[in-house]
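Here's the structure, in structure tokens; my notes come after.
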There are 2 protein chains.
Amino acid sequence: MYYSIGEVSEMFHIPISTLRYYDKEGFFPDMERVSGIRRFSEREIETLRVVDCLKKSKLEIKEIKQFIDWTRLGAKTYEERRNLFEQQKKNVEKEIEELEKTMSMLKYKCWYYEQAIKDGNEDKLHEMIPERLPKEVKKWYDHAHEEETK
Amino acid sequence: MYYSIGEVSEMFHIPISTLRYYDKEGFFPDMERVSGIRRFSEREIETLRVVDCLKKSKLEIKEIKQFIDWTRLGAKTYEERRNLFEQQKKNVEKEIEELEKTMSMLKYKCWYYEQAIKDGNEDKLHEMIPERLPKEVKKWYDHAHEEETK
DNA sequence: TTAATTCATAAACCTAGCTTTAGGTCAAGG
DNA sequence: CCTTGACCTAAAGCTAGGTTTATGAATTAA
């Protein structure tokens, strides 16, 4: 089964120009062409899925290219590839934690402005922060203000 | 209590050049200066904490500036500000979900290459995918391959 | 036959969010 | 008194990751 660039673009919600850009970057080293026109096979589709995952885990284009190159080298690069995924796992884990801290701050701020709207001003709030905050709210506040462990 | 730009830079692990850039963007509209030199007060420090949160929730510089402007307009912009934080909460929630899907893919890939290393090739793996995958692994696989609900 | 689609390339262009550079002020220490 | 270090500005520069433009070929639909 083969797909045209336009079909792949629709399937993945990726602009055609981006697919061509990825191709230029060497993401599809063995893609076939029929009189110059690209034919995406299952191989390219699978590549695209992995690329998507690596992009979401914030890997740079160049490093994704490195991974593609490893793939072509076969069994002798299994370890490099595993290490890459292990690393990305750690990175994403850390990012989720960061975002959860951000969520706490956002929840706190939502509560804060909800109160401000009710009161018409921030006077009562200023008296509460941080020791007299409601228990639940203080949890968000504290989480958001935790020190970075860099 | 006042801080110099260098002290703030250390406290927040933000380059001095970036702080000056933020200032130029209007993030510290009421910051004092003593013969041209910036003095960061508690107000600016608090601004910086919120900016940090909004940046982590992927708000653009221009929109952060908008928020700063709202803050200066006082009580009549409480709703706009609350709405902004509500929106960012939704965005971050969605992003965490996305990242959890990415995590599943990464876990699956780690397992995959672990197996490939053990076997020396991917033959056995190809026979397992997707129906004969171990239960735990299939969970990651399925999660990672769920359709986007766009 | 003509018009609309879909594909192709190379190269220029774009944007956000900084960062660097070049040139200068000012206070403290040796 | 001179050097070092921390600060200042304006303006140019940078980078990733695409996107747009200009140009053209091949296919299909009316």
Side-chain angles (χ1 to χ4, degrees), chain A residues 1-41 44-45 47-69 88 91 95 98 102, chain B residues 1-41 44-45 47-48 50-68 88 91 95 98 102:
Chain A
M1 189 52 179
Y2 292 100
Y3 305 90
S4 71
I5 197 167
E7 287 164 347
V8 176
S9 167
E10 291 222 328
M11 286 165 57
F12 283 83
H13 315 285
I14 295 176
I16 289 177
S17 62
T18 304
L19 291 170
R20 291 207 262 249
Y21 165 68
Y22 287 168
D23 189 19
K24 209 174 58 186
E25 290 301 307
F27 285 11
F28 313 116
D30 300 309
M31 186 158 53
E32 291 173 42
R33 294 205 181 205
V34 174
S35 55
I37 294 184
R38 294 174 180 84
R39 305 174 84 202
F40 289 75
S41 73
E44 280 73 40
I45 299 296
T47 296
L48 222 32
R49 273 197 268 273
V50 181
V51 164
D52 192 52
C53 165
L54 291 174
K55 267 171 50 77
K56 280 179 183 158
S57 69
K58 271 86 191 172
L59 202 69
E60 288 176 20
I61 297 294
K62 271 180 198 166
E63 303 188 80
I64 297 180
K65 176 53 167 55
Q66 167 74 278
F67 169 78
I68 300 282
D69 292 345
Q88 290 317 100
N91 295 164
E95 213 196 314
E98 268 291 298
T102 301
Chain B
M1 190 51 178
Y2 292 99
Y3 305 91
S4 72
I5 198 167
E7 287 164 347
V8 176
S9 166
E10 290 221 328
M11 285 165 56
F12 284 83
H13 313 286
I14 295 177
I16 289 177
S17 62
T18 305
L19 291 170
R20 291 210 262 248
Y21 164 70
Y22 287 168
D23 189 19
K24 208 174 59 186
E25 290 301 307
F27 285 11
F28 313 115
D30 301 308
M31 185 158 52
E32 290 173 45
R33 294 205 181 206
V34 173
S35 56
I37 295 184
R38 294 174 180 85
R39 307 174 83 203
F40 289 75
S41 72
E44 280 73 41
I45 299 296
T47 296
L48 221 34
V50 180
V51 163
D52 193 53
C53 165
L54 291 173
K55 268 171 49 76
K56 280 179 183 156
S57 70
K58 271 85 193 175
L59 203 68
E60 291 178 16
I61 297 294
K62 272 178 198 171
E63 304 188 80
I64 297 180
K65 177 51 168 53
Q66 167 74 278
F67 169 78
I68 301 282
Q88 290 316 100
N91 295 164
E95 213 197 312
E98 268 292 297
T102 300

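Protein chains get the first letters and strands the later ones, always in sequence-line order, with residue 1 at the start of each.
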Under 4.0 Å protein heavy-atom contact, by nucleotide of nucleotides 13-27 of chain D - B base, S sugar-phosphate only: ---SBBBB-------

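Shown here for A:Ser9 and A:Ile14, the closest heavy-atom pair between the two residues is OG-O, 2.7 Å. The minimum heavy-atom distance between B:Thr102 and A:Cys53, with the atom names listed, is CG2-O, 3.7 Å.
Rounded to a whole Å, the CZ atom of B:Phe40 is 16 Å from the P atom of D:dA6.
Residues satisfying the side chain to side chain contact (heavy atoms under 4.5 Å, CB included) test with A:Asp23, not counting sequence neighbours, are A:Phe28, A:Met31, A:Arg33, A:Arg38.
Neither side chain, B:Glu44 nor B:Thr47, offers a donor N or O lying under 3.5 Å from an acceptor on the other.
A salt bridge between A:Glu32 and A:Arg39 is present, with a side-chain N of the basic residue lying under 4.0 Å from a carboxylate O of the acidic one.
At the heavy-atom level, B:Arg39 lies nowhere under 4.0 Å from the strands shown. Across all strands shown, B:Arg38 has heavy atoms under 4.0 Å from sugar-phosphate atoms exclusively, and none from any base.
Considering B:Phe40, B:Tyr21, B:Tyr22 in turn, B:Tyr22 is the only one that fulfils the ring pair (Phe, Tyr, Trp, His ring centres under 6.0 Å) rule with B:Phe27.
With contacts defined as side-chain heavy-atom distances shorter than 4.5 Å, the pair B:Gln88/B:Asn91 qualifies. In this structure the side chain of A:Asp52 never reaches within 4.5 angstrom of the side chain of A:Phe12, judged on heavy atoms.
Protein chain A contacts DNA chain C from C:dC7 to C:dT9, reading 5' to 3' and using non-hydrogen atoms of the protein with a distance under 4.0 Å.
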